[in-house]
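Just so it is clear, the structure is predicted and the values come from calculations on it, not from any experiment.
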Amino acid sequence: MKKTIIQFAALLAALTIHTTSVNASERWTKAQAQAWSEANPWFCGFNYIPANAVNYTAMWDKTNFSPEVIERELALAEEVGLNCARVVLQYAVYAENPKHFIKAFDKFLSICDKYHIKVMPIFFDDCVFGANTDPVTGPQPEPLKGWYAWAWSPSPGHTMVIDERTHSLLEIYVKDIMTRFGQDDRIFVWDLYNEPTNSGLGDRSLPLLKSVVKWAREVDVRQPITVGVWCGNEGLNRFCLDNSDIVTFHCYADANRMDEPARRIDDSGRATRLRRREGWLHDLGIGER
């Protein structure tokens, strides 16, 4: 992730899938993915963090959660034609007070729904801006004018990612949230892990990545799940693709280079047909080579 404002335009493409993953029978079929694509509008959205929050810890923490700021900003989002938001949850805030976190998340979903914005929640995130690799709840540094999330904090934090003895706590968190909101129409897709292996973690992220996929498959949810393809790691990309109901990917380039991650997906064995629409790539449906 870069220290710049990056508008989120995830590609939600229903693709032909050759399964090699554990619990693969529970993953959506080709027909389910295509039906989901046809039933939904063209999603155009953004990675969201309120202007008064320097990181996602601040966004959700009881010392800073600000529905009035969120409402003002999401009203503007609807006004300019955006219809979905991708947002990182924060395990540290949940761990400190699950009731507060669930209430805050539900309030956020209600505000989004008021302005016709669907939500893509993200459970885990390895990205770090600065030196703090483990989030701490409570008051956070103040935002800096002109900077986007300059003190970005990961979730659950690198220490917990690496220490598999803590993963049973993370399982409770994931299953609690997915059980409570797994039939909620305000959520349109679950993003299980933002950019695993980023910020120097490397393969140490893989046990948690594999576990969160397993946990998610054990909960009855109506929404699709995904893990975005974001780098050139072929093995990681294969796992993400083989464990996603629909495919998403990240591209830190201009519109003229948006086809590069699409080619990586296709090179990994996915058959997809894409076209350009208003400067972005948009799913045309399921294709064959």
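Considering only heavy atoms from C-beta on, P141 comes within 4.5 Å of W150 through its side chain. In this structure the side chain of P196 never reaches within 4.5 angstrom of the side chain of L206, judged on heavy atoms. Looking at N83 and F43, their side chains come closer than 4.5 Å, going by heavy atoms from C-beta outward. Contact annotation: the side chain of L208 never approaches that of M160 to less than 4.5 Å [non-hydrogen atoms, C-beta and beyond]. Looking only at side-chain heavy atoms (C-beta outward), V54 and W147 stay at 4.5 Å or farther from each other. A 4.5 Å side-chain heavy-atom check between F124 and V161 finds every atom pair outside the cut-off. Looking at L236 and W230, their side chains come closer than 4.5 Å, going by heavy atoms from C-beta outward. Looking at V247 and L241, their side chains come closer than 4.5 Å, going by heavy atoms from C-beta outward.
Listed for the E195 side chain is no donor-acceptor partner under 3.5 Å among the backbone atoms of C231. Remark: the backbone N or O of Y193 is not paired with any side-chain donor or acceptor of D126 at under 3.5 angstrom. For D163 (side chain) and T159 (main-chain N/O), no donor-acceptor pair under 3.5 Å exists by modelled atom type. One N or O on the side chain of S244 and one on the backbone of V227 form a donor-acceptor pair closer than 3.5 Å. H116 contributes no side-chain N or O that, together with a main-chain N or O of L82, makes up a donor-acceptor pair within less than 3.5 Å. At distances below 3.5 Å, not a single donor-acceptor pair connects side-chain atoms of Q32 with backbone N or O atoms of D245. Without hydrogens or angle criteria, N243 side chain to F239 main chain gives a donor-acceptor distance under 3.5 Å.
Using cut-offs of 30° and 60° on the angle between ring planes, the pair F123 and W190 is parallel. Between Y252 and H250, the ring planes lie perpendicular to each other; the angle is over 60°, past the 30° to 60° tilted range.
For the residue pair Y115 / E79, no side-chain donor-acceptor distance below 3.5 Å is found, with atom types taken as modelled. Side-chain atoms of Q140 and N55 include a donor-acceptor pair closer than 3.5 Å.
Remark: T133 engages V128, H158 in a side chain to side chain contact (heavy atoms under 4.5 Å, CB included) (not counting sequence neighbours). Under the rule for a salt bridge (charged side-chain N to carboxylate O under 4.0 Å, His left out), the partners of D185 that lie at least two apart in sequence or sit in another chain are R222. Partners of D191 by side chain to side chain contact (heavy atoms under 4.5 Å, CB included), not counting sequence neighbours, listed by chain and number: R86, M120, I122, T226. Applying the ring-ring contact (aromatic ring centres under 6.0 Å, His included) criterion to Y48, with sequence neighbours excluded, gives F46.
Applying the side chain to side chain contact (heavy atoms under 4.5 Å, CB included) test between P50 and each of V87, N64, V69 identifies V69 as the sole match. The only option from W152, Y56, Y91 that meets the side chain to side chain donor-acceptor pair (under 3.5 Å) definition with D125 turns out to be W152.
Around the CD atom of E142, the shell of radius 6.0 Å holds no more than 12 heavy atoms that belong to other residues, nucleotides or ligands.
Hydrophobic clustering, with ILVMFWY side chains joined whenever heavy atoms are under 4.5 angstrom apart, keeps V136 apart from W60.
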Point to revise | Trace of the side chain to side chain contact (heavy atoms under 4.5 Å, CB included) decision for L170 with H167 | key: CA-CA 5 Å; L170 301 178; H167 289 186; 3.9 Å; yes
Check your understanding: Could you go step by step and tell me if I177 and F101 meet the side chain to side chain contact (heavy atoms under 4.5 Å, CB included) rule?
Key -> CA-CA 10 Å; I177 300 301; F101 181 84; 3.9 Å; yes
Practice item. Evaluate the side chain to side chain contact (heavy atoms under 4.5 Å, CB included) criterion for residues L89 and S155: first the C-alpha distance (whole Å), next the side-chain angles of each, then the deciding distance (0.1 Å), finally the verdict. Key: CA-CA 7 Å; L89 308 182; S155 177; 5.9 Å; no
Check your understanding: Do M178 and I225 pass the side chain to side chain contact (heavy atoms under 4.5 Å, CB included) test, and can you show the C-alpha distance, the side-chain angles, and the key distance before you say yes or no?
Key -> CA-CA 11 Å; M178 293 190 80; I225 69 171; 4.2 Å; yes
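Among residue pairs with one or both ends in residues 99-109, those qualifying as side chain to side chain donor-acceptor pair (under 3.5 Å) are D106-R186; sequence neighbours excluded. Annotation: side chain to side chain donor-acceptor pair (under 3.5 Å) contacts involving residues 173-182, sequence neighbours excluded, comprise Y94-D176, E171-K175, K175-E218, D176-R180.
Closest approach of P154 and Q90 over heavy atoms only: O-NE2, 3.1 Å. Between Q223 and I187, the shortest heavy-atom distance links the atoms CG-O, 3.2 Å.
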